Engineer: 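Please see the structure below; I have some questions.
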Amino acid sequence: MSTIAKQNYRGVYHFSPREKWMNDPNGMVYFEGEYHLFFQHHPDGMTWGPMHWGHAVSNDLVSWEELPIALAPDELGMIFSGSAVVDWNNTTEFFEDKPGLVAIFTHHLEMPDGKPAIQRQSLAYSKDKGRTWTRYEGNPVLEHESFIDFRDPKVFWHKETNQWVMIIACGQTVCLYHSPDLKSWTFASEFGEGIGSHDGVWECPDLFPLAIDGDPSNTKWVMLVSIGADPAFVEGSRTQYFTGDFDGKVFTPDEDSMNVRWLDYGRDNYAGVSWSDMPAEDGRRLFIGWMSNWMYANQTPTEVFRGAMTIARELYLESRNGEVILVQKPAREMESARIRVLSMKDAAVKDINARLNELNLESYEIVAQFPRHKSASFKVRVGAGQQTVIGIHGDTEELYVDRMASGQHDFHEHFQGHHSAKLKAAGPSYDLRIYVDRSSVEVFSNGGQAVITDLIFPKPESSGIAVFAENDLLISLDIYKLIPADKQEKN
Ligand code: FRU
């Protein structure tokens with residue numbers, strides 16, 4: 001194995017940069033067979049600093065190849081978060097004979113003498129599948145005279161009105177703009193005052209339609225809005241979502257959006273947005289988030305690199321008990337990394353634990369099912385004085401992750417904790433899908449309605465697994481070692 005793979009906390013199946021700092025995912029776009037993942041990157045430091053767009057590509061959303069830096073700071077400033085699209089119809093006139101990629105990002109310019117920084121939106125384009133980028137000579141293409149926080153443009157083609165739409169964080173709300181050519185933008189509307197959580201600065205929005213319960217004739221629009229960390233809240237940075245209608249100009253939230261709804265009930269899924277330009281025959285809305293939290297992101301105890309992405313997930317809208325909710329499931333490509341190590345049905349806990357005792361695993365997936373209203377839990381990454389507990393309380397119908405004793409935690413006073421999510425309208429049994437890696441757990445339950453993503457920092461030798469079940473029985477249990485297909489022979 002390479003030295004990269006041996007670093008204690010580097011995930012086996014999660015993307016992290018080869019070295020140094022990473023935060024938000026940026027510019028995710030699918031083009032000519034490749035999933036592109038750009039990311040906020042400080043290539044010269046282990047903490048946040050002058051932002052570049054790092055770049056990685058994948059054919060399967062599991063194995064990522066890091067490519068040279070795509071965009072570096074210039075005279076207009078650092079390269080903050082943003083999106084990328086395929087300009088299929090050459091609306092920009094950047095391309096000659098075939099479509100290419102356009103990145104729409106925030107230029108962040110620091111000002112002298114303590115004056116506030118200036119955030120403006122710019123374009124760059126690529127004619128060679130994202131390998132090299134040219135800045136548009138007319139940059140910046142969008143600025144605002146009063147907002148200090150004016151960043152993270154997410155752009156998509158709105159076919160009903162035949163125009164580009166941009167959603168962008170503007171102060172403590174989001175603003176919507178439209179454009180025929182990505183170069184000239186017209187303000188359309190603003191959303192967010194008096195609705196949602198304002199516990200932190202609004203950042204990294206996204207807006208997209210999804211079918212409800214898989215019925216393409218019944219769609220709603222989903223808006224994601226991340227909120228930054230504020231010292232007054234121990235949760236740190238988080239992502240909320242709204243559902244509603246969108247006519248190309250105005251987003252109208254529905255009744256269900258009057259309550260604050262979170263995408264993830266763990267601490268470590270931030271600034272996530274969705275992939276652009278998925279082929280129509282695929283039709284999925286794929287998502288990835290930054291697996292950290294601004295509360296402690298600059299202090300996590302990794303070496304060589306700092307920052308990882310979540311696994312790729314698919315987003316769905318489902319109606320449950322009359323409410324339309326956003327549901328997340330691991331992208332099906334994750335199954336290509338599976339190597340089955342255990343499969344048991346209607347098994348007694350003592351028999352399961354006897355088998356689990358023989359396993360030593362760092363990076364794996366647990367798929368379990370057990371009867372409703374009975375509690376059950378798994379201890380993962382167990383070693384001397386270390387464990388992460390993941391389970392469901394049958395009486396309160398809550399999913400939880402307890403990282404009180406998960407490993408290193410002294411880098412921040414609020415890292416330790418117990419995080420939970422209420423299960424809404426569960427079926428006759430509980431389902432748990434747990435992704436464990438060298439420094440994370442990602443837990444999906446109740447068909448992806450309740451999701452908890454948490455970093456953990458156990459010792460490499462904390463590789464034990466144990467199960468507890470209130471009625472001493474699991475309906476089914478499968479455990480898979482997870483190794484991306486291209487690395488499988490080498491292990
Ligand atoms: C979100 C964020 C964005 C900004 C970027 C800077 O985590 O603060 O709003 O563009 O990070 O790195």
Side-chain angles (χ1 to χ4, degrees), residues 17 20-28 37-55 69-73 76-84 103-110 116-122 124 140 142-144 147-155 166-175 192 197-206 223-231 233 235-240 263-264 267-274 287-300 306-310 453 455:
K20 305 293 193 272
W21 167 270
M22 174 177 82
N23 56 294
D24 313 356
N26 293 151
M28 289 117 82
L37 170 62
F38 299 89
F39 53 91
Q40 289 286 280
H41 189 32
H42 181 201
D44 305 310
M46 284 292 284
T47 51
W48 190 88
M51 283 290 110
H52 298 57
W53 271 27
H55 188 197
I69 285 170
L71 295 167
L76 291 175
M78 303 180 193
I79 315 295
F80 270 23
S81 288
S83 49
I104 309 97
F105 58 89
T106 300
H107 255 131
H108 171 96
L109 189 63
E110 300 276 335
I118 301 176
Q119 301 190 330
R120 298 176 287 198
Q121 320 318 316
S122 290
L142 179 62
E143 48 195 315
H144 197 282
F147 291 127
I148 294 174
D149 295 304
F150 187 49
R151 59 175 181 269
D152 311 337
K154 180 78 162 72
V155 171
M166 176 195 293
I167 182 167
I168 181 167
C170 52
Q172 207 38 44
T173 55
V174 294
C175 290
S197 171
H198 291 265
D199 289 353
V201 60
W202 279 30
E203 301 184 316
C204 297
D206 195 358
M223 186 189 291
L224 304 180
V225 177
S226 284
I227 61 167
D230 180 306
F233 303 97
E235 291 88 350
S237 50
R238 293 168 275 172
T239 301
Q240 61 187 322
L263 183 75
D264 197 303
R267 294 283 187 267
D268 300 300
N269 181 359
Y270 191 64
V273 288
S274 67
F287 166 96
I288 213 165
W290 173 42
M291 201 155 53
S292 195
N293 190 313
W294 278 119
M295 190 162 54
Y296 44 68
N298 279 285
Q299 286 116 310
T300 54
R306 187 178 269 139
M309 296 301 176
T310 65
T453 304
L455 290 175

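One-based numbering along the sequence shown. As the structure is a prediction and not an experimental result, all values here were calculated from the model. Read the numbers this way: they start at 1 and go in the same order the structure lists the ligands and their atoms.
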Engineer: Picking from D230, D199, D264, what satisfies salt bridge (charged side-chain N to carboxylate O under 4.0 Å, His left out) with R238?
Structural biologist: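 Considering D230, D199, D264, a salt bridge (charged side-chain N to carboxylate O under 4.0 Å, His left out) with R238 is found only for D199.
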Engineer: Check each N or O atom of ligand 1 against all protein N or O atoms and list the pairs under 3.5 Å, with atom names and distances to 0.1 Å, one per line.
Structural biologist:
residue	atom	partner	partner atom	Å
ligand 1	7 (O)	D24	OD1	2.7
ligand 1	7 (O)	D24	OD2	3.2
ligand 1	7 (O)	W294	NE1	2.8
ligand 1	8 (O)	E203	OE1	3.4
ligand 1	8 (O)	E203	OE2	2.8
ligand 1	9 (O)	R151	NE	2.7
ligand 1	9 (O)	D152	OD1	3.4
ligand 1	9 (O)	D152	OD2	2.6
ligand 1	9 (O)	E203	OE2	3.2
ligand 1	10 (O)	S81	N	3.1
ligand 1	10 (O)	D152	OD1	2.6
ligand 1	11 (O)	N23	ND2	3.3
ligand 1	11 (O)	D24	OD2	3.2
ligand 1	12 (O)	N23	ND2	3.1
ligand 1	12 (O)	Q40	OE1	2.6
ligand 1	12 (O)	W48	NE1	2.9

Engineer: Pair Q40, W53 - check side-chain contact (heavy atoms from CB on, under 4.5 Å), show working.
Structural biologist: CA-CA 5 Å; Q40 289 286 280; W53 271 27; 3.6 Å; yes
Engineer: Looking at residues at least two apart in the chain, or sitting in another chain, which of them share a side-chain hydrogen bond (donor to acceptor under 3.5 Å, both in side chains) with Q299?
Structural biologist: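 With neighbours one apart ignored, the set is empty.
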Engineer: With a 4.5 Å limit on heavy-atom distance, are the side chains of R151 and V201 in contact?
Structural biologist: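 Yes, at least one pair of side-chain atoms sits under 4.5 Å.
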Engineer: Under a 3.5 Å cutoff, is there a donor and acceptor pairing between the side chains of T453 and D268?
Structural biologist: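 Distance-only check fails for T453 and D268.
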Engineer: Hey, what do you get for CG (D149) to NE2 (H108), rounding to the nearest 0.5 Å?
Structural biologist: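 NE2 of H108 is found 9.5 Å from CG of D149.
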